[in-house]
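This report refers to the structure that appears directly beneath it.
None of the values given here were measured: they were computed from a predicted structure. Naming convention: chains lettered A, B, ... in sequence-line order (proteins, then strands); numbering from 1 in each chain.
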Amino acid sequence: MPAKDMDRVVSLCKRRGFIFQSSEVYGGIGSTWDYGPLGVELKNNVKRAWWRAVVYDRDDMEGLDAAILMNRLVWKYSGHEATFSDPLVDCKSCKKRFRADHVIGQRCPECEDGELTEPRNFNLMFETYVGPVRDDSSLAYLRPETAQGIFVNFVNVQQTMRRKLPFGIAQIGKAFRNEITPGNFTFRTREFEQMEIEYFCKPPKYLQPGEKSDIELHEEWVEERFNWYVNLGIDPSRLRKRVQRPEELAHYAKATVDIEYLFPGSLGWSELEGIANRQDYDLSAHSKDVSEEDLERLKLVRNLHSTQRLDYFDEAYVDPVTGKRGARYIPYVIEPSAGADRATLAFLCEAYDEELVGELKPEEIADLQAARTAAIKSIDKKLSDKKLEPGLAEQLTAIKQRLQDTDSILDVESVCNLAGSERVEALKKLRQLAARLCDEYSRVVLRLHPALAPIKVAVFPLKKNEPRIVELARSVSALLRPVCRTVYDDTAAIGKLYRRQDEIGTPMCVTIDFQSLEDSTVTVRDRDTMKQQRVSTSELVDYVLRRLE
RNA sequence: GCGGGCGUAACUCAACGGUAGAGUGUCAGCUUCCCAAGCUGAAAGUUGCGGGUUCGAAUCCCGUCGCCCGCUCCA
């Protein structure tokens, strides 16, 4: 079972060195997060798995790492300067928010004589200045998406790599958006990392018999990307494809399918990746000499600055009417655009698990029941009380329902953390009790796919006051270190050492005991089943590598 | 940005105007032949930050920053 609420994942991330709030010693800065020692391993593994799947495992892809700072004209012609700025107004009485260009006059459209605030301009792009002079001519933006770096390099990559359509370009990199409302941990942040593909293909009218259309290639990419998450451990029941309705589509998109993950808690179904069919919009936008009818069809302004036409010479093309060979045209593009931080967060949430180990004592069960009854009573009292804020009644009712339906300490504790619980004193008491019992009777285990796990193997001596065992354990650790990420630990009793590694998702623990001294075998303990297997040290490297596949 | 909640040790929380505490975790030592065992000891907080009220503030008030829940957003 994956995490039941995000708070527990956030807490684990901080406690175990995955993710820290940025600039914490100065009180933080809104919506930025730092990846700690284990977080950077996890996120690197996610990015590496993506790069492997979309670049190395295919024969039709190239990689790219474009600059974050780009010529301002890129953002003028991509449309971001115009469309990435939304002037907004708020109603002072009903507190609703509207886009200024959707409101007629000075009054709120929803309530009588609601006064509106002055329009505030939210340009979602971060601005900076390049060079010593701070004026308009040196204005630049931190890129709000990595995609444009690929588009403006289309011809460079196609020609230097001698590629024929269809082929794609993959890029991983930071992007920046001054989001109005960041939040939900690393899900929506102002600085984030994208994993984007632009897959260039022939427009429908230039297809030869047997070639796949943009529509088919779009569908293939949706399948491929969906399966990537599943192969790395996301349960398909928490992953879905959502086809955007025609009215949702951006004007440049012919079709978009979102891949959504069911995050824990209030975040719920949320987008990990969007796969769009952008047709020839982007390459046309950055090209000179685009025809009038194409400009009109794509609702583009004429590009007066670009020095190039980002097109493609298709020598295989045969005109069905004239029989003439060869054609020059601007390709279509399919864009699978994923969030590296979002994927990482999804894998963390999916992998997070708590399970009971051991039985509660009768008096502990009795205490728990008493506290639960008191909490339910308390909720009833609160609910029958005067008017509550909007939403609170629903939240409390949901908490009460879930409290009645369960008697597992794991559930009780997570229910006590739900939104609204802080308003009922008895729930706080119940949570304290449940938390104490959970500490004693449960283990937290991150069931990460081995390819994603930050540490692959941990090596322990069974007894740390036995020098021969310690020495052998250190040498086994040294044996594995060049092969995969390995740590050695002897600072606690064996049970605690196992639990520590469970919590950070280490798939295997190797333990050296007395028998090891005699026959050079060690035990390998599995994270998920806690089962052990004896393996000869001479076969250990092969065994570990096989298990990591 | 608006409304609601919150901010105390690394984590989870207690202390409700009178000397800041507990559990877990961490570290050191002893012990222990396999799942957060035990014993001894230790480090750790200018109570987010700044101001005010008061003889006295973690506690009351104001501001600010940050987090969470709703309106927004779409990687």
inquiry  = Measuring to OP1 and OP2 of C33(B), would you say a side-chain N or O of Asn465(A) lies under 4.0 angstrom away?
reply    = no
message = Under 4.0 Å, heavy atoms only, any strand: does Phe187(A) hit a base, just the sugar-phosphate, or nothing?
response = base
**Q.** Between A75(B) and G1(B) - C1' atom distance, rounded Å
**A.** 23 Å
#### Entry: Side-chain donor-acceptor pair present, Tyr261(A), Glu350(A), cut-off under 3.5 Å
yes
message: Both conditions, 6.0 Å and 45 degrees, for the charged tip of Arg240(A) above the ring of Trp269(A): are they met here?
response: yes
Are the aromatic ring centres of Phe460(A) and Tyr488(A) under 6.0 angstrom apart?
no
Has Glu224(A) got a side-chain atom pairing as donor or acceptor with Asn227(A)'s backbone, closer than 3.5 angstrom? no
Comparing nearest nucleotides in RNA chain B, the 5'-proximal residue of the pair Trp33(A), Asp502(A) is Asp502(A)
**Prompt:** Any N or O donor-acceptor pair linking the side chain of Arg188(A) to the base of C74(B) at under 3.5 Å?
**Reply:** no
Original post:
Reckon Arg16(A) has a side-chain N or O less than 4.0 Å from the OP1 or OP2 of G25(B)?
Top reply: no
query: What does Lys14(A) touch in the nucleic acid at a heavy-atom separation under 4.0 angstrom: a base, only the sugar-phosphate, or nothing?
result: sugar-phosphate
**Asked** Is Ser31(A) touching bases, backbone alone, or none of the nucleic acid, heavy atoms closer than 4.0 Å?
**Response** sugar-phosphate
Rounding to an integer number of angstrom, what distance separates C49(B) and C11(B) when you compare their P atoms?
14 Å
Taking for Ile494(A) and for Ser11(A) the nucleotide of RNA chain B with the nearest heavy atom, the one nearer the 5' end belongs to Ser11(A)
Next on the checklist: When the P atoms of A20(B) and G48(B) are compared, how many Å lie between them, rounded to an integer?
Outcome noted: 15 Å
Planes under 30° and centres closer than 5.5 Å, is that true for Tyr498(A) with the base of A36(B)? no
